[in-house]
Amino acid sequence: MKRRYITALAAVGMILMMPFTAMAGEWKANEVGAWWQEDDGTYAVASWKWIDSDGDGVGECYYFDGEGYLVVGTTTPDGYTVDADGAWTEDGTVQTKDMTSLADVAASDDNDAAADEENSGSWGSSEITVTVDEFMENMYVLDEPRTRAYLFVGEDKALLVDTLMADDSVTDLVRTITDLPIEVVVTHGHPDHIGGIGAFDSCYINEKDASLLPEGIEAVSIGEGDQIACGDFEFEVIEIPGHTDGSIALLDRSHGILISGDSVQPGPVIMTGENVSMQDYADSMNKLLGYADDVTYIFAGHHDYPSGVEYIQYAYEDALAYLNGELTGMPLIMMGAESMLYQGAHVSFLLDQ
């Protein structure tokens with residue numbers, strides 16, 4: 001029987017036709033997209049927000065989707081146009097607002113409060129949450145819009161795969177499930193997978209990604225063929241470089257579980273920055289095909305879960321299509337960074353320009 005626990009991070013009132021004003025915060029991004037995060041950890045969901053990104057007193061208006069990510073280069077659900085940077089435009093002109101007016105700030109605060117009261121209990125009031133689902137006995141999925149982690153509970157310890165974001169307080173979430181000692185293994189060293197690692201002294205990680213850990217965290221090296229057990233679960237480590245040099249997958253044959261990090265998913269699979277290789281990625285997907293008969297469920301770091309074993313084949317075929325020059329790139333600018341989005345038949349890839 002699946003049980004659901006919901007931990008609220010922040011309540012965000014939404015006024016779909018009345019954008020509200022950003023007080024203080026910063027842009028953040030992960031493999032999925034970018035979002036504006038306030039100093040208190042909250043962020044807009046399915047709503048507009050005026051933001052003065054460079055502090056010059058002039059703000060632009062941005063729309064954020066139902067998971068809190070910036071929408072770029074399209075038409076929003078309420079019929080407005082946003083450019084490649086996500087800014088609201090009319091007839092090709094970015095719309096701006098004087099952000100220095102205290103009256104604007106006060107009015108925005110009043111509007112937010114009114115929206116919270118008016119929309120309480122309706123779909124128009126969104127609560128940003130981490131959901132904790134027991135997918136099968138002693139396996140829990142810790143899910144939030146930006147990333148995901150997995151918890152396995154044994155008799156004498158718990159195993160946490162990835163650590164969510166720093167503001168998710170992952171240890172508090174785990175303690176709603178178990179008081180057992182926690183061991184941590186990370187699928188790769190990107191920030192949205194090691195964000196909560198500061199709550200722990202050490203973690204299992206492939207040595208090629210160990211340099212991505214913050215100082216003070218002991219890296220316990222794991223590699224091809226290593227076994228990590230917890231209760232009824234026994235995972236084999238499979239090295240799958242490409243997304244990062246040290247990306248790994250974890251396979252539990254007895255339960256048909258493959259935890260794939262960010263490598264096996266609809267995408268976009270982020271292939272930007274240093275230490276990424278589309279050829280290595282394709283080779284890794286071909287390698288995973290050799291394990292397909294042992295896989296029933298694929299659990300990735302993003303998107304819906306679980307996906308089926310067919311996504312290994314999809315990822316391999318679409319990676320080959322890219323390498324063979326069969327995919328056409330679409331320019332994408334995300335917060336000033338120029339990238340190219342390549343859409344395959346099932347899987348998309350985001351690469352440096």
Side-chain angles (χ1 to χ4, degrees), residues 6-16 18-72 82 85-88 96-117 119-120 124-131 142-149 163-173 190-200 214-216 334-337:
I6 300 180
T7 302
L9 295 181
V12 180
M14 298 190 302
I15 308 175
L16 297 182
M18 193 178 300
F20 60 95
T21 305
M23 297 297 291
E26 61 179 331
W27 288 106
K28 292 180 176 289
N30 62 15
E31 281 81 359
V32 179
W35 68 98
W36 177 267
Q37 184 161 307
E38 302 291 353
D39 288 344
D40 63 2
T42 63
Y43 48 92
V45 175
S47 61
W48 290 91
K49 180 185 282 287
W50 286 99
I51 299 173
D52 178 10
S53 299
D54 54 11
D56 64 354
V58 177
E60 293 77 36
C61 201
Y62 301 91
Y63 185 81
F64 298 86
D65 67 16
E67 294 187 340
Y69 288 107
L70 177 69
V71 172
V72 299
V82 292
D85 289 321
W88 169 35
T96 61
K97 175 181 179 178
D98 180 4
M99 301 286 282
T100 62
S101 170
L102 293 178
D104 283 344
V105 174
S108 174
D109 288 346
D110 290 342
N111 287 336
D112 288 347
D116 286 339
E117 180 176 354
N119 294 318
S120 178
S125 178
S126 178
E127 190 174 67
I128 298 170
T129 64
V130 178
T131 61
L142 284 62
D143 194 32
E144 63 109 292
R146 300 166 295 179
T147 187
R148 183 179 300 132
T163 64
L164 301 179
M165 305 290 282
D167 56 13
D168 287 326
S169 302
V170 69
T171 51
D172 291 342
L173 292 167
H190 281 164
D192 55 323
H193 293 262
I194 64 170
I197 199 67
F200 305 95
E215 292 185 7
M334 184 177 292
M335 302 321 301

Supply the atom-to-atom distance [X] [atom1] to [Y] [atom2], rounded to the nearest 0.5 angstrom.
X      : Y      : atom1 : atom2 : result
Thr147 : Asp168 : OG1   : CG    : 8.0 Å
Lys28  : Trp36  : NZ    : CH2   : 10.5 Å
Asp39  : Glu26  : CG    : CD    : 7.5 Å
Glu60  : Asp52  : CD    : CG    : 7.0 Å
Ile51  : Lys97  : CD1   : NZ    : 12.0 Å
Lys49  : Glu38  : NZ    : CD    : 4.0 Å

Which atom pair, heavy atoms only, marks the closest approach of [X] to [Y]?
X      : Y      : answer
Gly195 : Thr163 : N-OG1, 3.5 Å
Glu144 : Val130 : CB-CG2, 3.8 Å
Val170 : Leu164 : CG2-CD1, 4.1 Å
Thr129 : Pro145 : O-CD, 3.9 Å
Gly59  : Trp50  : O-CZ3, 3.5 Å

>> Quick check: do Tyr62 and Trp35 have side-chain heavy atoms less than 4.5 Å from each other?
In response: no

> Can you list the steps and then say if His190 with Asn30 is a side-chain contact (heavy atoms from CB on, under 4.5 Å)?
Replying inline: CA-CA 8 Å; His190 281 164; Asn30 62 15; over 6 Å; no

> Taking it one step at a time, do Ile194 and Phe200 satisfy side-chain contact (heavy atoms from CB on, under 4.5 Å)?
Replying inline: CA-CA 10 Å; Ile194 64 170; Phe200 305 95; over 6 Å; no

>> Would the distance check show the side chain of Asp56 and the main-chain N or O of Val58 forming a donor-acceptor pair, the cut-off being under 3.5 Å?
In response: yes

> Taking it one step at a time, do Arg146 and Asp167 satisfy side-chain contact (heavy atoms from CB on, under 4.5 Å)?
Replying inline: CA-CA 11 Å; Arg146 300 166 295 179; Asp167 56 13; 2.8 Å; yes

